[in-house]
Number of protein chains: 2
Amino acid sequence: MTDKLTGAAGRQHVADSIRHALRSGDLVPGQRLVENDLAAAYGATRGAVREALQDLAAEEILEIVPRRGARVRTVSVEEAVQITECRSALEQLCAGKAATLATDDQRAELARIGVDMRQAVADGAWEAYSALNQRLHELVIEASGQEVARRTLGRLNGPMVRYQFRLALRPGRPARSLPQHLAIIEAVVGRDPEAAGRAAAAHLDDVIEQLRSSAAPSPT
Amino acid sequence: MTDKLTGAAGRQHVADSIRHALRSGDLVPGQRLVENDLAAAYGATRGAVREALQDLAAEEILEIVPRRGARVRTVSVEEAVQITECRSALEQLCAGKAATLATDDQRAELARIGVDMRQAVADGAWEAYSALNQRLHELVIEASGQEVARRTLGRLNGPMVRYQFRLALRPGRPARSLPQHLAIIEAVVGRDPEAAGRAAAAHLDDVIEQLRSSAAPSPT
DNA sequence: ATCAACAAGATTGTTGACAAGATGTTTCGC
DNA sequence: GCGAAACATCTTGTCAACAATCTTGTTGAT
């Protein structure tokens, strides 16, 4: 076995491991995280675990209450809606800028993603569609050159993993979001900032609607 | 002398003290922060100082490089522009929601702020105008009920203190921003979400223009 | 059976000392 | 005098033990 991870390395490792555990459902909201257990599980020192927990709390993924440890934060539907409203505002900005600033390579990749998305929906390849979806959003943000927005959106997405999961596997969801995604691509590739912003906003407004109609946040 | 501050209390105190020192110019960008000095200066333990530095680094106010300590981060004009673009997107959202959701009390306070602002500009009372400006933005965000946007905007403002300072005392700036502020107030009080969003965006677009025309970020 | 008080164990918070690395200074060869 | 190596000093990072607090389980009285 390798030595115990310490400092920056351990900190990063533990934080990533917890994020991953969250995504894969190994950790559920409300669950308590004990420093010693995490240290043993991930082969890090308690100090490293402590710093990692602070980082995750700053991202609002965890909630740490003094003397009582860290818990996985639960995100209400209302908060998920607010997060998505903010994402909408920022992605609208990015889409508009991307329409003006994207390089030819980026426009080409966007077009390719559009083609692949159509195919994925036709084939019922849900995981592939989800990956393309994520890449699309990333690419639009990257093409906008808005580094601050990129970081901010990254922060906002942290606590949302749970909902992304729930929404993605709603029946008929891909068929519904496909035209919205294609509209974003078309506007950005076609150098129409106004339309790009509108398309991005329309897409996320639809996500908000879906969130609102999803009754309870968690059946567990 | 009281005892050394430790844990959450010291952490908060040190972070606030550093923020204040930044605003008042006691700390300049690029300046190195030594943990022991801070601990002595603010009467806290080194542990508390350490945690405070982590917090400020998470807010992107400081930059901490391993084994070499923490420095005050310098914000380029380009980054300041990007931050303001993000603020624009989010405040647009908040202004629109505030126009619909503000309580009568909040609308009354907004109207009062408008009156006071006119007066302050007429009197040349710059500090008063600056305080009203800040209160106006706070109030719009509060009235929108968008807690996530509120936190996010707070984060974005962190690294901007320096530029707010530089912009506020440009000659003729208040006279220029006054009508923009009044337009926001009028739209929110008059329950016109569209106009409120447009007014907020227009105001911040003007701030961006001012930022761009402000040549070098720092004469030091 | 219910509840309060208490004790035992578990968990987080804090401290002080030391290790590791960076920075600045002196000294030495040329 | 100039540059480079050796040295001294300062600063941050790490750790292990201890202290403070919370949680859980038990007991005993009503």
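Just so it is clear: chains get the letters A, B, ... in the order the sequence lines come, proteins before strands, and each one is counted from 1.
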Closest of C/dG13, D/dT11, D/dG13 to the B/Arg32 side chain is D/dT11

### Query
Between the side-chain atoms of B/Arg46 and the base atoms of C/dG16, is any donor-acceptor pair under 3.5 Å?
no

Check: With sugar-phosphate meaning primed atoms plus P, OP1 and OP2, does A/Leu33 contact a base, only sugar-phosphate, or nothing at under 4.0 Å between heavy atoms?
Finding: sugar-phosphate

>> For a quick check of understanding: with a heavy-atom distance under 4.0 Å over all strands, which category does A/Gly7 fall into, base, sugar-phosphate or nothing?
In response: sugar-phosphate

Check: Going by an N to O cut-off under 4.0 Å, is there a salt bridge joining B/Glu79 and A/Arg151?
Finding: yes

With salt bridge (charged side-chain N to carboxylate O under 4.0 Å, His left out) as the test, would you mind laying out the steps for B/Glu138 and B/Arg150 before giving the verdict? CA-CA 8 Å; B/Glu138 274 176 23; B/Arg150 196 183 62 73; over 6 Å; no

*asked:* Can you tell whether the side chains of A/Arg173 and A/Asp206 come within less than 4.0 Å, N to carboxylate O?
replied: yes

Of B/Val140, B/Leu139, B/Leu136, the one forming a side-chain contact (heavy atoms from CB on, under 4.5 Å) with B/Ile185 is B/Leu136

Comparing A/Pro66 with B/Arg68, nearest DNA chain D nucleotide closer to 5' gives the residue B/Arg68

Rounded to whole Å, the NZ-C1' distance (B/Lys4 to C/dT14) equals 13 Å

Among C/dT15, D/dT14, C/dT11, the one nearest any side-chain atom of B/Thr6 is C/dT15

The residue, B/Asp37 or A/Thr45, whose nearest nucleotide of DNA chain D is more 5′ is B/Asp37

